[in-house]
Structures are given as C-alpha cells and as structure tokens.
**Q** 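I have a structure here, written as structure tokens, and I will follow up with some questions on it.
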Amino acid sequence: MDDCLFCRIIRGEIPSAKVYEDDRVYAFRDINPQAPVHVLVVPKAHYKNVSDCAGKDPGLTGYVFKACTDIARAEGLENGFRLTTNNGPDACQSVEHMHVHILGGAKLTDKMG
Ligand code: DGP
C-alpha cells in the first residue's frame with residue numbers, strides 16, 4: 001500500500017519512535033499519547049482493520065496480540081495495561097491499517113466508550 005501512513009512508517013519513509021520490530025510486526029510510540037505509555041503495534045502486512053486481518057490471517061492476528069503482551073512487559077506495565085483496536089467508522093478508526101493501542105503507565109479510566 002504505497003500511500004498508507006502506517007505502511008510508510010514501517011518502510012521508514014516517515015520517522016517514528018520504534019519500540020519493537022520483527023519480521024511480522026512493527027511497534028512505535030503514538031504521536032498523540034493518551035497515557036504515559038502509548039504504543040501502536042501493527043502487522044507489517046497491510047490489513048485495513050482487525051476484522052480484515054482476522055478474516056484473512058487469524059494466525060497473524062494472534063501474533064500481533066502476543067507481541068502486544070511482550071511489549072507491555074518490556075515497557076514495565078506489570079500493574080496492568082489496556083489493548084484497544086478501533087475497527088471502522090463507528091469506532092473512530094482514523095488510520096486504515098490494523099493497529100492495536102497499548103495504553104498504560106497510570107491508572108486508566110474505567111469508562112470504555
Ligand atoms: P485510531 O484512531 O485507532 O485509528 O488511531 C490512530 C493513531 O495513530 C492515533 O492515536 C494517532 C496515531 N498517529 C497518526 N499519525 C501518526 C504518525 O504519523 N505517527 C505516529 N507515531 N502516530 C500517528
């Protein structure tokens with residue numbers, strides 16, 4: 001996806017604060033953090049959201065979530081963290097490349113919506 005923002009970040013065409021990378025996922029700090037730790041974890045392959053990824057490659061979807069838990073541990077979030085993935089317009093997904101938000105580093109609100 002030539003013009004996808006997160007594909008461009010993965011390729012290094014747009015700078016990002018990288019947290020983790022392997023052959024299947026890339027993780028970087030959110031440009032507009034909503035918590036002391038706010039990391040985005042994305043599959044390197046382009047899927048427009050988690051529904052798209054889960055439907056076409058459920059193994060990769062699981063791999064992304066496993067990576068999230070490993071990154072949360074590495075970020076020192078032993079006391080808890082939240083994983084959020086916005087899926088489609090009603091969820092206010094703003095970038096159409098599947099991504100999971102890792103939020104933590106403080107007590108988060110109990111409001112989920
Ligand atoms: P969502 O609303 O779930 O689609 O989240 C998209 C997130 O992407 C949002 O929290 C802000 C972040 N974001 C948008 N553009 C950039 C960027 O250029 N760099 C980084 N690091 N994050 C970005």
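Just so you know, ligand 1 is whichever comes first in the structure, and atom 1 is the first atom listed for that ligand.
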**Q** Quick one: do C53 and T61 satisfy side chain to side chain contact (heavy atoms under 4.5 Å, CB included)? Show the steps, please.
**A** CA-CA 6 Å; C53 189; T61 308; 3.3 Å; yes
**Q** Taking only residues two or more places apart in sequence or in another chain, which ones pass ring pair (Phe, Tyr, Trp, His ring centres under 6.0 Å) with F28?
**A**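 Only F6, Y26 meet the ring pair (Phe, Tyr, Trp, His ring centres under 6.0 Å) criterion with F28.
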**Q** May I ask you to decide if P43's main-chain N or O and H97's side chain share a donor-acceptor pair within less than 3.5 Å?
**A** yes
**Q** Do the side chain of N87 and the main chain of N49 share a donor and acceptor less than 3.5 angstrom apart?
**A** no
**Q** Is a donor on one side and an acceptor on the other found under 3.5 Å between the side chain of E21 and the backbone of V19?
**A** no
**Q** What are the polar N/O contacts of ligand 1 with the protein below 3.5 Å, with distances?
**A**
unit_1   : atom_1 : unit_2 : atom_2 : d
ligand 1 : 2 (O)  : C92    : O      : 3.3
ligand 1 : 2 (O)  : S94    : OG     : 3.1
ligand 1 : 3 (O)  : N86    : ND2    : 2.7
ligand 1 : 3 (O)  : H99    : NE2    : 2.9
ligand 1 : 3 (O)  : H101   : NE2    : 2.9
ligand 1 : 4 (O)  : S94    : N      : 2.7
ligand 1 : 4 (O)  : S94    : OG     : 3.1
ligand 1 : 4 (O)  : V95    : N      : 3.1
ligand 1 : 4 (O)  : H99    : NE2    : 3.0
ligand 1 : 5 (O)  : H99    : NE2    : 3.1
ligand 1 : 5 (O)  : H101   : NE2    : 3.3
ligand 1 : 10 (O) : D30    : OD1    : 3.2
ligand 1 : 10 (O) : D30    : OD2    : 2.5
ligand 1 : 21 (N) : R29    : O      : 2.9
ligand 1 : 21 (N) : I31    : N      : 3.4
ligand 1 : 22 (N) : I31    : N      : 3.2

**Q** In terms of side-chain heavy atoms, does Y20 have a donor or acceptor partner in D22 at a distance below 3.5 Å?
**A**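 Yes, because at least one side-chain N or O of Y20 sits under 3.5 Å from a partner of the opposite role on D22.
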